[in-house]
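Notes follow the structure.
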Amino acid sequence: MDKERKPTVFESRVYEAVSQIPSGKISTYRDIARVLSIASPRAVGQALRRNPFAPQVPCHRVVCADGKIGGFFGESAGALIEAKKRMLREEGVIFHEDRVDLQRCLHSWH
DNA sequence: AGATTGACTAACC
DNA sequence: AGGTTAGCCAATC
């Protein structure tokens with residue numbers, strides 16, 4: 001069993017930002033990184049990858065900068081990706097095949 | 001403390 | 001157009 005480490009300030013910031021995304025909207029690693037004043041979206045992925053707050057954080061609303069679904073579920077769960085896509089679509093997110101309508105569903109960070 | 005990775009992105013070939 | 005390289009930041013080993 002993995003011991004849950006205490007989230008760092010950086011991670012907490014990521015979780016907070018992601019949890020701020022309302023239903024029907026999404027965001028990209030790049031955008032989140034940008035809001036967090038980070039130059040590396042990888043660091044964001046790192047935080048989400050650890051995701052100590054599992055379903056509490058809508059990490060499924062976070063996609064690649066291209067609108068493509070990130071690998072948060074991994075290739076082993078490709079089918080789940082479609083399920084998430086369908087779920088997001090029901091939330092109001094416009095999907096185009098394997099991509100998301102960033103210009104339409106991108107969350108406004110004000 | 002140093003080296004590697006990691007759910008990325010963008011640029012280069 | 002598609003594959004590869006490089007850059008980036010933070011966490012983990």
Side-chain angles (χ1 to χ4, degrees):
Chain A
M1 297 290 278
D2 294 74
K3 290 198 298 190
E4 304 199 356
R5 296 130 187 139
K6 299 190 298 184
T8 65
V9 182
F10 174 72
E11 291 182 336
S12 298
R13 228 190 270 166
V14 177
Y15 305 139
E16 185 177 3
V18 174
S19 82
Q20 278 177 38
I21 305 176
S23 295
K25 289 214 170 174
I26 55 160
S27 186
T28 67
Y29 294 101
R30 193 170 175 283
D31 264 21
I32 295 170
R34 189 173 195 166
V35 172
L36 300 178
S37 305
I38 303 167
S40 299
R42 295 195 98 181
V44 179
Q46 276 289 352
L48 292 176
R49 181 199 190 243
R50 297 284 153 204
N51 201 358
F53 297 96
Q56 187 175 156
V57 177
C59 33
H60 59 267
R61 288 189 191 137
V62 184
V63 296
C64 294
D66 286 335
K68 191 80 192 297
I69 304 298
F72 39 82
F73 299 101
E75 314 135 1
S76 310
L80 294 201
I81 300 255
E82 296 185 32
K84 300 294 180 186
K85 282 163 49 184
R86 194 163 55 240
M87 178 173 71
L88 288 170
R89 187 183 293 178
E90 286 194 47
E91 291 190 1
V93 179
I94 311 299
F95 267 86
H96 292 296
E97 297 301 328
D98 294 25
R99 302 253 273 214
V100 194
D101 201 324
L102 297 174
Q103 301 174 78
R104 208 161 161 70
C105 306
L106 236 198
H107 173 60
S108 305
W109 297 104
H110 199 252

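Here is the naming used below: chain letters follow the sequence lines, and residue numbers restart at 1 for every chain.
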What contact category does Arg30(A) fall into here, base, sugar-phosphate, or nothing, at under 4.0 angstrom with non-hydrogen atoms?
sugar-phosphate
Using side-chain heavy atoms (C-beta onward) and a distance below 4.5 Å, is Asp101(A) in contact with Ile26(A)?
no
Whole angstrom is fine here: how far is it from CG in Leu36(A) over to P in dC8(C)?
18 Å
Starting at CD1 of Ile69(A) and ending at P of dC8(B), how long is that distance when rounded to a whole Å?
12 Å
If I take atom CZ in residue Arg42(A) and atom P in nucleotide dC9(C), what distance separates them, rounded to the nearest angstrom?
12 Å
Within the structure provided, determine whether Pro22(A) and Arg61(A) are in side-chain contact (heavy-atom separation under 4.5 Å).
no
Heteroatom pairs (N/O) under 3.5 angstrom, protein to nucleotides 10-13 of chain C:
unit_1: dA11(C); atom_1: OP1; unit_2: Thr8(A); atom_2: OG1; d: 2.3

Any non-hydrogen side-chain atom of Lys25(A) less than 4.5 Å from a side-chain atom of Ser108(A)?
yes
How close or far is atom P of dG2(C) from atom NZ of Lys68(A), stated in whole angstroms?
12 Å
Can you check whether Lys85(A) reaches Ile69(A) side chain to side chain, under 4.5 Å on heavy atoms?
yes
If hydrophobic clusters are built by linking Ile, Leu, Val, Met, Phe, Trp and Tyr wherever their side-chain heavy atoms come under 4.5 Å apart, do Ile94(A) and Ile21(A) end up in the same one?
no
How close do Leu106(A) and Ser27(A) get, counting heavy atoms only, and between which atoms?
CD2-CA, 3.5 Å
